[in-house]
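Whatever order the structure lists them in is the order used to number ligands and atoms, beginning at 1.
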Amino acid sequence: MSEESASTSGVTRRTMLRLGAAGGAEAALVAAQAWAAPLLAQRGLLSPDGAFAAVSTALGDGLFYIENYPTSPLILSPFSDPLRIPKALAPVPNSVVSAWRNPPGPGPGQQNSLRNERHQVWPSQVGYPDPIVYKIDVLLRTHSFTTSQVLPIDSGGKPAASFDSSGRTFAAGTKRTLPPSTIYAFNGTFPGPMINAEYGRPVLVRFENHLDENPLNLDRQDFGSPDFSFLTHLHNGHSAPESDGNPHYSMVAGPKHPGFRPQMSVDNLYLNRPAGNDDREKQSFFWFHDHTMDHTGSNVYKGMVGLYPIYDPKNGMDMGDERQGLRLPGVRTNNPDGSFDVKYDIPLAFSDFRFDDGVTTHKDIHDGLGEFPAAKNPAKHPEWWGKTFYKHFPGHGFVGDICTVNGTAFPVLEVKRRKYRFRFLDASVSRIYEFKLMSSTKGPKSSASLGYGGEELQGQYRIEDGQQCMEFTQIASDGGLLPFPIKRDSFELWPAKRREVIVDFTRYQDGTPTTKGDIIYLTNVMKMPNGRMWAKSSRFSPDLKYKVPVLKFVIGDTAPDDSQIPAALRPLPPLPGNWQNLLDNRLIFEVQRGSAGGETEWLINGKPFDPANVLASLKNPAGREPLAQQRKGSFNLWELRNGGGGWVHPFHLHMEEHRTVMRNGKDVTRTVDPGHPDDASKEDLAALDPGESVIVYRGFRDFTGPYVAHCHNLAHEDHAMMFGWEITP
Ligand SMILES: [Cu+2]
């Protein structure tokens, strides 16, 4: 099924975006489904000729009430399922790869199944060995988030009726088992595989699309890219455009489509070589996720998430062996298949979900485009009770009311009495977290039993008597190891960001030793009722009662520990002494809520994403408006502005990490803004509080071609808050 045939109105989502931006009244009228137009008219937002007359700020606010989300059923036995600790994916043996009909290689046509592309840089061109080959199939499968019984509840926290796929209704108060949810997933699991990579050893992953195959006869529901295309981006990877999985590339080369369609495959080549071959540019934790144009949020939410820690074997510095180099926590086992696993070094991927209550109407502006005609939306879907719910009207973003870690709601992990390394990843669509390590005498109580209702039910459980009992020692951010470890009482985790910490489970922060059986909760203290921004956090009017436990640690036996917390980690690459001289000619990008109409609510420099072209900067102090083009080998300053007062944007720049040099007009290279301590590190994502601006210094080395930069609130990204830029020879 192509995107075109998926559209009963004959207006594709992209067409609607474009026409909306141009004020195309007729297209907007055709596209606005019956449910939307009367509502808009009632609220005075639709002009007589059918165009969305109001500015889209008003449109979004006016339609806020249709962002009507279900209340997930209450998980009755939290912290009984174990945390899933992924094992390293096994490479494909050379004997198998060489027998493939189209084996990977450096020649023309050898990069994808369309045979219209080649790898820009094969490892041998930089003196590297041939890549280790992995195969990842994109599959339609199911996933269960909990084995606990659940109690269906309504938005007031009271018991509610529930349903099953055969149309039966269960009376309020009936405990149920949550049915498995349909997922689109790498090798069929959520989260997908983990590839343990190393600098100096390139990796090639053949991603093959099997999303058209439905061997289990699953109901696909009404989200996920409608033509089943995918596009995999290794987030933080320095990849050539054809391996970067970004829609600026995919729309002008390769598939010339929002993604790769069913039965297509693409070889993404990850050189695992630091930017500019500079050891100080090395990173430590990537993840790969879908990046299909317009459907990234729904595909990621539907399961397309994988993990990619990257180790540094040079001088044994960070190779997963706590007896060598920096001696960070980790005990390495080399597997016979060529992969390796590292004990006490655990990724923690956070995703928030909502499960259908069977009574909430599915409404989405795209329903008017016939993206999911079988769903017959707007409609209620009792047959989908208990399965993941996702609708993406571009108003605010999407937040779930249940937090999962590595695919499980409320997991428990028994830890040894020793130090651990945890690699945190926010894989959520819009949610920002703030984590603390807490103890609680009374233990978790359901928010419903505490008398909460509505948005206050988000997170399902609270430890209202929770007290911070341990600190984190942060060792890495998005851009890899920090120059020095930082002790943190709490830290924020924005969408797509990574933070790595060491936790010492032998003692509490007051020095008291832990004892076997002690319980510590990883707790989210940021209240974020919608995708706009937080309502309460430590930085802004904390809600001392909002302490949502998301992962339970139980202290176990003492175990040997050869790890150390080193005084210094990895030095930052130097800034040029005269970086201020670059300020006048900087490139300036302002993200904003738009007034372009249609569904184009999110703009950059006044424009929605144009996948075929690069964006121009706003006028800079030198009086120029340069295109977002950089010469290979160059460095520059880019300014990122949040043009809005009531929104936050996690703004992600593909390719090299940046270093923030100014925030809100102040030099932060010597004194860091206390609200943004990670400005002292390398990052690939700029955290923009309302009205903030940052100026970042970044390099453009190693490859040429089309890339993107975009908001990583995936609901914003999917509604055009993205721009194309390129590296020229
Ligand atoms: Cu945003």
Side-chain angles (χ1 to χ4, degrees), residues 17 21 55-57 59-61 63-64 67 233 235 246-247 289-291 293-301 352 365 390 392-400 426-433 478 492-497 526 528-535 537 588-596 598-610 615 618 638-654 658 660 663 676 683-694 696 708-725:
L17 258 175
V55 297
S56 62
T57 298
L59 175 69
D61 287 344
L63 288 173
F64 173 62
E67 289 192 316
H233 171 56
H235 186 112
N246 76 73
H289 64 80
D290 186 69
H291 211 310
M293 188 170 75
D294 302 337
H295 297 282
T296 296
S298 56
N299 275 356
V300 168
Y301 184 81
D352 57 340
I365 199 159
Y390 183 75
H392 47 196
F393 188 84
H396 291 76
F398 179 90
V399 292
D426 183 353
S428 309
V429 175
S430 305
R431 185 175 288 283
I432 305 172
Y433 303 84
D478 318 347
E492 293 180 7
L493 194 67
W494 290 45
K497 275 190 173 289
M526 180 179 282
M528 184 162 165
N530 59 47
R532 180 190 284 259
M533 63 178 292
W534 53 80
S537 77
I588 302 173
F589 304 102
E590 180 165 319
V591 299
Q592 56 210 167
R593 298 191 79 190
S595 55
E599 66 165 302
T600 308
E601 192 182 355
W602 299 106
L603 305 174
I604 300 175
N605 291 356
K607 296 204 165 60
F609 176 52
D610 172 356
L615 186 65
L618 295 180
W638 284 19
E639 177 172 349
L640 307 166
R641 291 182 188 159
N642 183 350
W647 302 79
V648 300
H649 300 288
F651 203 80
H652 172 47
L653 308 163
H654 282 221
H658 57 258
T660 301
R663 187 176 280 272
H676 297 279
E683 294 184 285
D684 61 47
L685 225 137
L688 293 169
D689 285 1
E692 283 199 324
S693 74
V694 297
V696 302
V708 292
H710 59 89
C711 184
H712 224 292
N713 179 330
L714 298 179
H716 298 180
E717 173 188 337
D718 283 341
H719 295 92
M721 195 175 240
M722 174 150 61
F723 68 86
W725 61 274

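With N605 contributing its side chain and I588 its backbone, the two residues share a donor-acceptor pair below 3.5 Å. Panel note: side chain D718, backbone G297; a donor-acceptor pair is recorded below 3.5 Å.
With values rounded to the nearest 0.5 angstrom, H716 atom NE2 is found 13.5 Å from H710 atom NE2.
Annotation: side-chain contact (heavy atoms from CB on, under 4.5 Å) contacts of S537 (sequence neighbours excluded): E434, E492, M526, W534, R539, F540. In this view, N642 and V591, H649, L688 satisfy the side-chain contact (heavy atoms from CB on, under 4.5 Å) rule, not counting sequence neighbours. With sequence neighbours left out, H658 forms a ring-ring contact (aromatic ring centres under 6.0 Å, His included) with no residue at all.
Of all protein atoms, those that are N, O or S and lie under 2.8 Å from the Cu ion (ligand 1) total 3.
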